[in-house]
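Report on the following structure.
Atoms within each ligand, like the ligands themselves, are counted from 1 in listed order.
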Amino acid sequence: MSEDTRPYRSVLYIPGSKQRALEKARSLPVDAIILDLEDAVTPEAKPAARKTLATALSEGGYGARVQIVRINGLDTPWWQDDIAALDDCDPDAILLPKVNSPDEIQRLADVLAPSVSIWAMLETPLGVLNAQSIAAHPRTAGFVVGSNDLAKELNCRFRADRLPLIMALQTVLLAARAEGVIAIDGVYNQFKDAAGLQFECEQGRDLGFDGKSLIHPAQIGLANQVFAPSASEISLAQRQIEAFKQASDAGQGVAVVDGTIVENLHVETAQRLLAKAHVIAKQAVAAQTGV
Ligand code: COA
Ligand code: MG
């Protein structure tokens with residue numbers, strides 16, 4: 001598991017060129033924002049977007065939302081200007097697109113302050129195949145699946161059940177969990193289709209992702225709900241912890257709750273779930289009270 005215990009249920013892309021959207025994000029109930037200089041910004045608009053984005057970050061007001069800037073890829077003529085534009089800002093992380101190998105993480109690390117985390121977009125077949133070595137780089141802190149690019153590269157078709165992408169999604173997760181980095185699922189393009197989004201969020205959650213990358217504010221509420229522990233999960237976790245404690249006190253190594261055995265490992269999962277629920281609740285109170 002990652003050492004980063006902040007919630008990443010909802011991770012919203014915001015085009016760096018869209019002043020209004022950058023402004024709006026300050027009041028959206030989103031866990032993290034990806035301020036984009038890559039594909040959401042045309043080549044002609046990149047110089048102005050760098051300024052708009054840097055000004056927004058310097059002005060602040062994003063509260064507890066994790067601020068991630070997606071720069072252009074290392075194979076483009078733009079990425080160095082992107083980094084230079086961020087000189088006076090303090091983003092939490094830089095997200096590098098189309099990462100194929102840990103060498104690319106190192107190239108970026110060579111020019112970044114040590115305090116800035118590096119996140120990688122996994123969206124090429126080679127990147128997915130090298131996911132473990134990319135995750136193992138000491139500066140890598142998070143993965144975001146780029147499902148649109150990946151589908152394009154794989155030449156696979158869109159299916160509601162995402163069967164053609166499942167192996168890649170799980171490879172990314174295996175690598176992320178093996179090396180302790182955050183893993184964010186890809187976007188759902190049909191942003192007006194709540195039922196489709198719900199299916200993908202639940203699927204991503206059940207696979208093990210920390211949250212979903214989003215393209216529109218209308219998607220935030222659903223992602224927050226699906227990726228947060230539910231009231232019944234919280235109650236079950238509490239009962240499991242209590243039952244296991246009682247069993248331990250009685251010299252037993254196993255307890256039973258709702259007809260299901262509870263072992264030490266289930267207690268660890270239950271404790272992790274409660275810790276996550278606690279952080280989410282604390283963050284919600286802070287957002288309401290401004291503290
Ligand atoms: N982040 C923050 N605010 C956003 C937003 C986003 N990604 N997308 C839309 N909004 C805001 C709009 O500014 C508007 O605010 P307002 O009504 O208070 O002025 C409100 O949400 C409603 O927007 P809407 O009119 O429904 O959307 P749109 O037609 O302007 O834009 C998209 C639709 C898909 C083009 C837009 O959501 C977008 O650019 N998304 C991000 C795409 C992206 O970054 N892609 C790269 C990664 S895949
Ligand atoms: Mg992409």
Give the intermediate values and the outcome of side-chain hydrogen bond (donor to acceptor under 3.5 Å, both in side chains) for residues Gln238 and Glu242. CA-CA 6 Å; Gln238 287 165 336; Glu242 182 53 34; over 6 Å; no
Taking the Mg ion (ligand 2) as the apex, Asp149 OD2 and Glu123 OE1 span an angle, rounded to 10°, of 90°
What protein heavy atom lies closest to [atom]? Include the residue and the distance to one decimal.
| atom | result |
| --- | --- |
| atom 33 (C) of ligand 1 | Phe191 CZ, 4.0 Å |
| atom 23 (O) of ligand 1 | His216 NE2, 3.5 Å |
| atom 48 (S) of ligand 1 | Ile215 CG2, 3.9 Å |
| atom 39 (O) of ligand 1 | Lys18 NZ, 2.9 Å |
| atom 20 (C) of ligand 1 | Lys24 CE, 3.8 Å |

Flag [X] as yes when one of its N or O atoms lies below 3.5 Å from any N or O atom of ligand 1, and as no otherwise.
| X | answer |
| --- | --- |
| Arg70 | no |
| Pro217 | no |
| Arg20 | yes |
| Tyr13 | yes |

Looking only at side-chain N and O atoms, does [Y] offer a donor or acceptor that is under 3.5 Å from a partner on [X]?
| X | Y | result |
| --- | --- | --- |
| Asn100 | Asn130 | no |
| Asp110 | Gln106 | yes |
| Asn224 | Ser10 | yes |

Compute both the distance and the angle, then confirm whether Arg26 meets the cation-pi test with Tyr62: under 6.0 Å from the six-membered ring centre, within 45 degrees of the axis. yes
Does the protein place a non-hydrogen atom closer than 4.0 angstrom to [atom]?
| atom | value |
| --- | --- |
| atom 30 (O) of ligand 1 | no |
| atom 25 (O) of ligand 1 | no |
| atom 15 (O) of ligand 1 | yes |

Distance-only, no hydrogens or angles: does the [X] side chain make a donor-acceptor pair with backbone N or O of [Y] under 3.5 Å?
| X | Y | value |
| --- | --- | --- |
| Gln219 | Tyr188 | yes |
| Arg50 | Gly16 | no |
| Gln203 | Asp161 | yes |

Do you know which of Phe143, Phe209, Trp119 makes ring-ring contact (aromatic ring centres under 6.0 Å, His included) with Tyr8? Trp119
Can you list the atoms of ligand 1 that are under 4.0 Å from a heavy atom of [X]?
| X | result |
| --- | --- |
| Ala40 | 43 (C), 44 (O), 45 (N), 46 (C) |
| Leu12 | 1 (N), 2 (C), 7 (N) |
| Ile14 | 1 (N) |

Arg6, Arg177, Lys276 screened by salt bridge (Lys or Arg N to Asp or Glu O under 4.0 Å) with Asp210, the one that passes: Arg177
